[in-house]
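Note that the structure is predicted; figures quoted are calculated from it, not measured. Just so you know, ligand 1 is whichever comes first in the structure, and atom 1 is the first atom listed for that ligand. Throughout, numbering of the chain's residues begins at 1 and tracks the sequence.
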Amino acid sequence: MSTNIKFAVLPGDGIGPEVMKVALEVLDVVAKKFDFTMDYKWADVGGAAIDNHGKALPESTVELCRCSDAILFGSIGGPKWESLPPNEQPERAALLPLRKIFQLFANVRPGLLYAEIADASPLRRERIPNGIDIVCIRELTGGIYFGQPKSTVTLENGEKQAIDTMVYKTSEIERIAQVAIDTARGRGRKVCSVDKANVLETSVLWRKTVADYFKKNAPDIALTNLYVDNAAMQLVRDPNQFDVLFTENMFGDILSDEMSVVCGSLGMMASASLGLGVNSHGLRFGLYEPAGGSAPDIAGKGIANPCAQILSAALMLRHSFGMEEAASAIEKAVKAAVTGGTRTGDIAFGGASVGTREMAEAIVAKL
Ligand code: IPM
Ligand code: MN
């Protein structure tokens with residue numbers, strides 16, 4: 001009997017729905033080829049959910065996710081909802097609660113640039129002759145994003161004061177350290193842990209906890225440490241000095257964006273947010289999304305690069321469904337299509353560029 005995979009499809013806003021549509025078509029072909037069946041349902045999230053249900057993360061969407069083994073996510077937000085109060089906006093009112101509800105503590109962002117499209121990177125080709133192949137592991141449910149107190153108060157003299165709190169517990173650091181270790185074991189066995197231990201208490205704890213944990217559990221992995229300011233600099237100077245870049249929530253937010261621009265196009269960047277929960281396949285529940293945004297400027301034109309969405313689907317097959325063969329077949333097909341010359345505008349460098357659908361069809365042809 002073939003395996004059935006059950007996931008929630010949350011396309012969101014902007015280019016989300018159009019790249020999701022073709023990603024599911026690619027998955028359909030992959031499912032036939034690798035003999036599995038799919039059971040997925042769509043639900044609104046973000047701006048689309050505000051318009052249709054009055055809030056960015058309706059209970060019905062959460063419920064669908066609860067009944068699923070993974071979430072395939074598009075992108076959310078856009079100018080239409082930017083004037084809402086900050087805590088009602090799509091990003092804060094949908095993505096952050098989803099991370100918290102499903103305890104998606106581990107964000108995995110591959111920083112991959114094929115040598116053939118190295119011109120997409122702002123770095124000179126001689127700095128990255130073989131492209132780039134690194135991965136960022138970011139803690140996703142702790143730190144300053146979620147720490148309490150978090151508030152804005154009016155002081156006695158009438159001026160306002162805002163507070164965010166950065167908090168980490170050893171258990172939170174250890175569980176993400178294990179993800180960095182597992183990731184490094186499938187690659188170059190090098191982890192660079194990034195913190196600000198010269199200033200922050202949370203970073204002092206981070207560095208000590210990581211050092212102890214690696215010593216005890218991963219003597220086979222080469223661990224180094226960098227302060228975040230230095231890491232930001234090293235990432236543009238020589239990205240390939242890293243294998244696994246490993247850091248806390250906010251530093252990871254910033255460094256992973258830096259990494260994605262160094263790696264060329266956001267249109268190529270997939271990501272996985274892995275949960276604590278085990279799904280019905282005995283694997284991690286996860287949310288899989290392109291690292292780029294909803295790109296409202298090109299939405300509806302049929303020109304968005306679907307590769308990040310398709311590669312996110314590959315990550316879902318790997319991490320939540322254990323389908324390594326199907327996942328790497330997708331990754332190889334994307335690489336073959338792009339390096340073979342089929343490219344959307346973001347990676348065409350003035351050469352011929354194709355639309356979303358043609359890009360997806362070229363990928364299917366390489367499967
Ligand atoms: C990301 C995004 C989110 C974050 C925003 C949209 C809340 O920038 O996934 O990196 O800051 O984590
Ligand atoms: Mn970000």
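Among the atoms of Y145, some N or O lies under 3.5 angstrom from an N or O of ligand 1.
In this structure, the side chain of T61 does not engage the main chain of L57 through any donor-acceptor pair within 3.5 Å.
Looking at I76, D253, D257, I254, it is D253 that brings a heavy atom closest to atom 8 (O) of ligand 1. Comparing heavy-atom distances from atom 1 (C) of ligand 1 across Q89, R109, E289, R92 singles out R109 as nearest.
When side chains are defined from C-beta on, M269 does not count as touching M259, because their heavy atoms never get closer than 4.5 Å.
A salt bridge is defined here as a Lys NZ or Arg NE, NH1 or NH2 lying under 4.0 Å from an Asp or Glu carboxylate O, and D28 with K32 fails to meet this definition.
Ranking the protein heavy atoms by distance from atom 9 (O) of ligand 1 puts R99 NH2, 2.7 Å first. Among protein heavy atoms, the minimum distance from atom 7 (C) of ligand 1 is reached at L96 CD2, 4.0 Å. Closest to atom 5 (C) of ligand 1 among all protein heavy atoms lies E91 CB, 4.4 Å.
For D253, the N, O or S atom with the smallest separation from the Mn ion (ligand 2) is OD1.
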Show your reasoning for whether salt bridge (Lys or Arg N to Asp or Glu O under 4.0 Å) applies to D51 and K80.
CA-CA 10 Å; D51 292 352; K80 188 173 173 193; 2.6 Å; yes

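Using the six-membered ring where Trp is involved, F321 and H281 have ring planes that are perpendicular, over 60° apart on the 30 and 60° scheme. The aromatic rings of H319 and Y288 lie parallel to each other, with less than 30° between the two planes, well short of the 60° mark.
With 2.8 Å as the limit, D257 does not count as an N, O or S neighbour of the Mn ion (ligand 2).
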